[in-house]
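Every chain is numbered from 1, with letters handed out A, B, ... down the list of sequences.
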Amino acid sequence: MTELEKKAVLFKKIRAFFDAQDLLEVQTPSLLNTPTTDVYIDSIVVATNQAIGLKKQQYLHTSPELEMKKLLAQGSGDIYQICPVFRDNEVGERNFNEFTLLEYYRINFDIHRLMADLSALLHHLGFEDKTVKMSYAQAFSQFTNIDILNTDFESLKRIALTHGLSIEFEWIEDLQMFLFVHLVEPCLKDIPICFIYDYPSEQSALARIEGRIAHRFELYLSGVEVGNGYDELQDSSSYQQVFAHENAKRQQLNKPFFDLDVEFLACLETPLPPCSGVAIGIERLASQLITT
Amino acid sequence: MANYSTSQFKNGMKLMLDGNPCSIVNNEIVKPGKGQAFNRVKFKDLITGKSLIKTFKSGESLEGADVMELDMQYLYNDGSAWNFMDPETFEQYAIDDSAMDDARGYLVEQDMCTVVLWNDNPISVTPPNHVMLEVVDTDPGLKGDTAGTGGKPATMNTGVVVQVPLFISIGEIVKVDTRTNEYAGRS
């Protein structure tokens, strides 16, 4: 099979998996009027309609998340999408300005049910190994002896220093991620399929928080981060809070910050149904499929 | 020396890490889906030869290491140091035994070696891939065994012990692969 054929088969299998469960395949706009506020993801800016005197600054989507959530708020039910996404300032062995995301949402699923469903998808696609599940705190205590949920910023900095690492961080969540990348991720290399779940609340992103924990998970295939899922926030005001917080952080880092996506917030005046969703990097997934 | 930031990191680049000169073996960019970019870098310590992994925030920088690799001819050992000469400048370097590591078992006078200098001081020596050594001790050879099945240990004139075919006897010159410490044929 050529690479082209392999990718075509992969798409067919993904669609068959979701079609069998009655998810609706959707297509949402990729040219947006509002960029992402995510602190460490940069939208690619495009100037449109200049030659016809209607110059406008627009942005390529970095993920179809918000547009899909508008559909969920309008009662679409379970939906999935496979689409190219675009991110500025991402170049590396596994990072590209354009890549393909599979994003899907399941109504009334919590993250554990979604992880089980995703695990079934992986096996449907040809992964054979059993799935390992570990909470973020378990992963830290197992591989590093750090009690990550109960270690404050200053203590974490002292730990980073003992490993000869930088402590130049504005926020504890960035240092948590740094230590995870340095100390935990390399230990995940030997686990073919691994879910890490229940992140510290500081790393909630758009996931529901309960006490010290954000109901969020990541999928690692042989130590490579492939997917990110949430028990989704539901109402407009929660999203507004997160966007404003991200914008404040962008401002502190001297990065551009943006008007909030008022259209999205207005749309969520009718809140999302309880649901969980996940985004999977297709190229990373495919590369793991070929090597296994 | 100049400083180099993570975006300039390249394989083979020589940098100072915790006071030791190191060479970059591999530089991996890791960008968590919800976090800033990091560089997970595998280094080889040029003094100890050990490899180590360190992670940097993208944008951090390290000082370059003043490291040079030179081809030098091995001259002689005077009992306290190993003496080499740069054939282009005829400059001689006396290298301390501690910098020799495994190289000392393969040094043959007049052979060209690669010497790594840090701030003009020799820190490591790499012998040629193949050297000719004389067998000074081994069990007696077995007549008729030329197939080279099995083998036996043989001590070379440099002190290193190499597994050789059974037919090799004391006084013979053999070719040894210095990277694997394996017998590679007769002269």
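- In this structure, chain B has heavy atoms under 4.5 Å from both the backbone and the side chain of A/D174.
- Under the rule for a side-chain contact (heavy atoms from CB on, under 4.5 Å), the partners of B/D66 that lie at least two apart in sequence or sit in another chain are B/M1, B/N119.
- Contacts between A/V181 and chain B at a heavy-atom distance below 4.5 Å involve backbone atoms as well as side-chain atoms.
- Nearest heavy-atom pair across B/P122 and B/A99 is O-CB, 4.2 Å.
- Residues of residues 43-54 of chain B lying under 4.5 angstrom from chain A, judged on non-hydrogen atoms, are B/I53, B/K54 in numerical order.
- Just one of B/R186, B/E182, B/M132 meets the side chain to side chain contact (heavy atoms under 4.5 Å, CB included) condition when paired with B/K175; it is B/M132.
- By the 30° and 60° cut-offs, the orientation of the rings of B/F56 relative to B/F9 is perpendicular.
- Electrostatic pairing of A/K157 and A/E154 counts as a salt bridge here, judged by a charged N lying under 4.0 Å from a carboxylate O.
- For the residue pair A/Y136 and A/Q203, a side-chain donor N or O sits within less than 3.5 Å of a side-chain acceptor on the partner.
- Contact of A/V224 with chain B is not made at all, since no heavy-atom distance falls under 4.5 Å.
- Salt bridge absent: B/K42 and B/E28 never bring a charged side-chain N and a carboxylate O closer than 4.0 Å.
- Proximity to chain B at a heavy-atom threshold of 4.5 Å picks out A/G164, A/L165, A/S166, A/E168, A/F169 from residues 163-172 of chain A, in numerical order.
- In this structure, a donor-acceptor pair under 3.5 Å is absent between the side chains of B/K34 and A/Y199.
- Here B/T55 is the residue among B/L17, B/T55, B/N27, B/I29 with the most heavy-atom pairs under 4.5 Å with chain A.
- A/G277 approaches A/E232 most closely through the heavy-atom pair N-OE2, 3.4 Å.
- For B/E69, the side-chain contact (heavy atoms from CB on, under 4.5 Å) criterion is met by B/K14, B/T114, B/V116, not counting sequence neighbours.
- Donor-acceptor pairing under 3.5 Å is lacking for the side chains of A/R106 and A/S276.
- Side chain to side chain, B/S58 and B/Q36 fail the donor-acceptor criterion of an N or O pair below 3.5 Å.
- When each of A/R94, A/E173, A/E185 is scored by its heavy-atom pairs under 4.5 Å with chain B, the top score falls to A/E185.
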